[in-house]
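Working notes, beginning with the structure itself.
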Amino acid sequence: MIAFLTGKDLEKYGLSWMPTLMSDKQMVLPIDTVKYQAQEVVGVLASSRYAAADGVAAVEIDYEPLPVVVNPYKALEAGSTKVRDDKDSNHIWHWEVGDRAATDAVLKNSHTTVREHIYIPRIHVASMETCGIVAKWDAINKHLTLYMTTQAPHAIRTVVALITGHLGLSEENIRVISPDIGGGFGGKVPVYPGYVIATAASVVTGLPVKWIEDRSENLQADSFARDYHMDCELGADKDGRITALRIKTVADHGYTDAAANPSKYPAGMFSICTGSYDFQTAFTEADAAYTNKPPGGVAYRCSFRVTEASHAIERMVDIMAHERGEDPADFRMRNFIKPEQFPYKSALGWEYDSGNYHVALTKAMDLIGYRELRKEQLEKRQRGELMGIGISSFTEIVGAGPSKDFDILGIKMFDSAEIRVHPTGKAIARFGTKSQGQGHETTYAQIIAEELGIPADHIKVEEGDTDTAPYGLGTYASRSTPTAGAAAVMGARKIREKARKIAAHLLEAADDDLIWDTNKFYVKGSPDKSKTIQEIAFAAYTNHPQGMEAGLESTFYYDPPNLTFPFGSYICCVDIDRGTGQVSIRKFVAIDDCGTRINPMIIEGQVHGGLTMAFAPAMMEQIQYDSDGNMYGGTFMDYMVPTAVESPKWITGGTVTPSPHHPIGAKGVGESPNVGGPPAFANAIVDAMWHLGVRHIDIPITADKVWMLLNKHGVALAE
Ligand code: MCN
Ligand code: CUM
């Protein structure tokens, strides 16, 4: 054992609390009260994992039970137990967008209205590897190196510099390295106490210090996603045209707002909740509450609360279609934003760049054989069998910036690429984003290869080292392709323009007389007079024009003019066993549109993984607490992550509607499948049971929930 570190020790350095990304604050180590079960209480430093475990076992803490508040509605009531002594109440913020009065009026006068309370419980990403860090303080050079599992290395470096400045640490002496981190999925965006404790311990002891979570610590104490309680109301006229939407949300944030949203958007991009439909009128508001639970964030492949928004609208549209006795596909087709309406200004303020929703849904319906399945469903129903079909036609919103509206802790959201072409025509490219398994090494190289004609396997892609990579905001919210991917294009084009000048010099021609073709410039009218990019690269270091800077490289910071709006149509077909309540996914078809596709195989991989991460919270995953704030479970015995055995087979396809503002028309895709996926499952299961009187089931839709409903409606088979 080397040392014990307490909140009191950290207080001396002003580090017992730290800022969260939403400008709230979070305990690093407590001094006399803890806020939730499983909160970190003391740091034990030892020279081996075993000694550290013994040290932990030797720690004795006298806990005195205090009143807690676990339910966010209760937390918001006057006189409720206060979670935070430093705050006046448990109400964190109120946020609203849209026209409240007009929405109320339109809903009141609508021919049909449907209402539903929809809850999306807490879930946890459970990436392959947990979070960890090796902090190494070099006292002689006053230099700090942090090898850590972060999706946003540069932002971390700046934050460390800002909060430790008073201790003499300076940004040029801080190096953050994020190597292969074993998956991120949003869970590795926040800063956790373990990182800070390890760093402080290294500074105090002068030794390199490693912290790595075990699985239970990861499940119980890291940032959680969702926990949105939504009251939704949707109206339609007598012809089945949507009139207005209202959603009122209570957001459970645990004891601190540690969400990783852009500052201006406390509920993230939730106002995309009008989805793929042409609304004239809408209003949404949210109130966030403190409760005695771990920090609630947005971390689960979410695009900043878009999963919640998409679940709400896709469930509501389905309920409306059923209420009207109409086929949900027909109802959607009538109400989709039409292709000629793009760029489309939504009632809640977004400008959708491009879309073609009818085509995507038609393609999905053809692929699954929708009309035949409906026929089969009717026949089965007559035999007393339960079969359901669910559609989700979602719209995503990804690619933050634009920096005029988007920042994290004041740092503007743009992204970067730095490309260097070496004399022999090979290249290295570095980015401000950080792949966690999305394959940036492959796709960024492909983008540059396409623009410069250098073979992709001659291009080395690097990310995640703040000493070498250009400044960027990291990888989350499917922003890499819309931002850093665009920077790669623009940077490569800058290089091509310089290459043109060098080629003109070599070919003794005017710049304007040169034509670019795949990987070379040739002289207009004489295609045999040409210089390849490799010849040009060599000349950039050996024979460049007098007066021109040597070298062939560029740095580009790309600030997107708008977000990108990928979309898709998913259809799920289920059978339900009346004996057990077991739902089997018979078929699942996913049509995704992410604009221009850079690498279809990587997109397919993203979609397969994402659909599995949609299936998980729809059918299995959930973090629950009892009324005293005790977490049920906290291990993989209780938190049900699907394996290959449970996961359905995915049938995927796509359409291509390029983004008009991205330099190659690409939109993000990394989160589309799990943003759009969950309501497809829920809609299918409710569809199977609507005729029994079932209107809505909150996810996860487990067999016991289904069986209870079957039993309630008198159709469960009992042996
Ligand atoms: N791509 C493409 N053509 C497009 C769009 C994307 O070929 N039109 C490729 C990209 O070049 C990239 C990949 O698809 O290689 C994903 O790109 P993008 O949609 O831009 O998303 P990001 O790279 O920003 O990844 C973030 C996204 C998020 S936010 C989560 S959460 C998530 C996800 O990616 N976490 C993942 N997918 C993950 N996949 C793995 N293996 N591990 C994670 O932690
Ligand atoms: Cu919100 S999970 Mo991803 O944006 O890292």
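No hydrogens, no waters, no symmetry mates; every other heavy atom, side chains included, goes into these values. In this text the structure is predicted, and so the values were computed from the model without any measurement. Whatever order the structure lists ligands and atoms in, that order sets their numbers, starting from 1.
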#### Entry: Close approach, Gly183 and ligand 1, non-hydrogen under 4.0 angstrom
yes
### Summary
for atom 5 (O) of ligand 2, nearest protein heavy atom and its distance come out as Gln151 NE2, 2.9 Å
### Task
Indicate the atoms forming the closest heavy-atom contact of Arg597 with Thr655, along with that distance.
NE-O, 4.4 Å
### Task
May I ask you to check whether Ile602 has an N/O atom sitting below 3.5 Å from an N/O atom of ligand 1?
no
### Query
What atoms of ligand 2 come closer than 4.0 angstrom to any heavy atom of Phe185?
2 (S), 5 (O)
### Task
Quickly, which of Ser393, Ser276, Pro339 forms a side-chain contact (heavy atoms from CB on, under 4.5 Å) with Tyr357? Name it, please.
Ser276
### Sub-3.5 Å N/O-N/O distance, Phe185 and ligand 1
yes
### Polar side chain donor-acceptor pair, Ser303 to Glu396, under 3.5 angstrom
yes
### Task
Among all protein heavy atoms, pick out the one at the shortest distance from atom 3 (Mo) of ligand 2; state its residue, atom name and that distance to 0.1 Å.
Glu671 OE2, 2.8 Å
### Query
How far apart are the C-alpha atoms of Asp353 and Lys667, what are their side-chain angles, what is the distance that settles it, and do they pass the salt bridge (charged side-chain N to carboxylate O under 4.0 Å, His left out) test?
CA-CA 10 Å; Asp353 57 349; Lys667 304 179 179 186; 3.4 Å; yes
### Query
Backbone or side chain, does any N or O of Ile603 fall under 3.5 Å from an N or O of ligand 1?
no
### Task
Output the list of atoms in ligand 2 that are nearer than 4.0 Å to some heavy atom of Tyr476, sorted by atom number.
3 (Mo), 4 (O), 5 (O)
### Query
Any heavy atom of Ser127 sitting closer than 4.0 Å to ligand 1?
no
### Task
Please work out whether the ring planes of Tyr558 and Phe556 are parallel, tilted or perpendicular, with thresholds of 30° and 60°.
tilted
### Summary
Closest heavy-atom approach to atom 26 (C) of ligand 1 among Gln438, Lys434, Gln151 is made by Gln438
### Query
To which protein heavy atom is atom 7 (O) of ligand 1 closest, and what is the distance rounded to 0.1 Å?
Asn599 N, 2.9 Å
### Query
Cut-off 3.5 Å, side chains only: do Gln606 and Arg301 have a donor facing an acceptor?
yes
### Query
Between Phe270 and Tyr265, does the ring centroid distance fall short of 6.0 Å?
no
### Task
Please indicate whether any nitrogen or oxygen in Cys302 is less than 3.5 Å from any nitrogen or oxygen in ligand 1.
no
### Message
I'd like to know if the side chain of Gln436 reaches the main chain of Thr475, judged simply by a donor and an acceptor atom lying under 3.5 Å from each other, with no hydrogens or angles considered.
### Response
yes
### Query
Can you find an N or O of Arg301 that's nearer than 3.5 Å to an N or O of ligand 1?
yes
### Query
Hey, does Ile598 come in under 3.5 Å of ligand 1, counting only N/O atoms on both sides?
yes
### Task
Give a yes/no verdict on a cation-pi contact between Arg122 and Phe224, requiring under 6.0 Å between NZ or CZ and the six-membered ring centre and an angle within 45° of the axis.
yes
### Task
List every atom of ligand 1 that sits less than 4.0 Å from any heavy atom of Thr475, numbering the atoms from 1 in the order shown and giving each element.
22 (P), 24 (O), 25 (O), 26 (C)
### Atoms of ligand 1, numbered as shown, that sit under 4.0 Å from any heavy atom of Gly439
15 (O)
### Message
For Glu646 versus Met620, what's the shortest heavy-atom pair and its separation?
### Response
CG-CE, 4.0 Å
### Message
If we ignore hydrogens and angles and just use 3.5 Å, is the side chain of Lys434 paired with the main-chain N or O of Tyr476 as donor and acceptor?
### Response
no
### Query
For ligand 1, which atoms, with element, lie under 4.0 Å from some heavy atom of Gly668?
19 (O)
### Task
Would you check whether Tyr476 has a nitrogen or oxygen atom less than 3.5 angstrom from a nitrogen or oxygen atom of ligand 1?
no
### Task
Could you tell me the residue and atom name of the protein heavy atom closest to atom 41 (N) of ligand 1, and the distance to it rounded to 0.1 Å?
Gly437 O, 3.1 Å
#### Entry: For atom 24 (O) of ligand 1, the option (of Gly605, Ser480, Gly186) bearing the nearest heavy atom
Ser480
### Task
Return the minimal non-hydrogen interatomic distance between Leu611 and Pro673, and the atom names on each side.
N-CB, 3.5 Å
### Residue selection (non-hydrogen contact nearest atom 10 (C) of ligand 1) among Thr483, Thr481, Ile181
Thr481
### Message
For atom 33 (C) of ligand 1, tell me which residue out of His440, Met613, Gln606, Glu671 has the closest non-hydrogen atom.
### Response
Gln606
### Query
Can you find a side-chain donor-acceptor pair between Thr149 and Tyr195 that sits under 3.5 Å?
yes
### Message
Any salt bridge linking Asp407 with Lys264? Criterion: basic side-chain nitrogen under 4.0 Å from a carboxylate oxygen.
### Response
no
### Message
Can a side-chain donor-acceptor contact be found between Trp350 and Thr274 if the only test is distance below 3.5 angstrom?
### Response
no
#### Entry: Nearest protein heavy atom with distance in Å, relative to atom 19 (O) of ligand 1
Val669 N, 2.6 Å
### For atom 1 (Cu) of ligand 2, the protein heavy atom that lies nearest, with its residue and separation
Cys302 SG, 2.0 Å
### Query
Hey, does Gly609 sit under 4.0 Å from ligand 1 if you only count heavy atoms?
no
## Note on the structure
Numbered in order shown, the ligand 2 atoms found under 4.0 Å of a heavy atom of Val298 are 1 (Cu)
### Sub-3.5 Å N/O-N/O distance, Gly184 and ligand 1
yes
### Nitrogen or oxygen of Arg597 less than 3.5 angstrom from that of ligand 1
no
### Query
Can you tell me the protein heavy atom closest to atom 4 (C) of ligand 1 and the distance?
Lys667 O, 3.6 Å
### Query
Within the distance-only criterion (no hydrogens, no angle test), does the side chain of Thr20 pair as donor or acceptor with the backbone N or O of Asp257 below 3.5 angstrom?
yes
### Message
Taking the six-membered ring for Trp, are Phe588 and Phe681 closer than 6.0 Å centroid to centroid?
### Response
yes
### Query
Any heavy atom of Ala477 sitting closer than 4.0 Å to ligand 2?
yes
### Nearest neighbour in protein (non-hydrogen) for atom 21 (O) of ligand 1
Ser478 CA, 3.6 Å
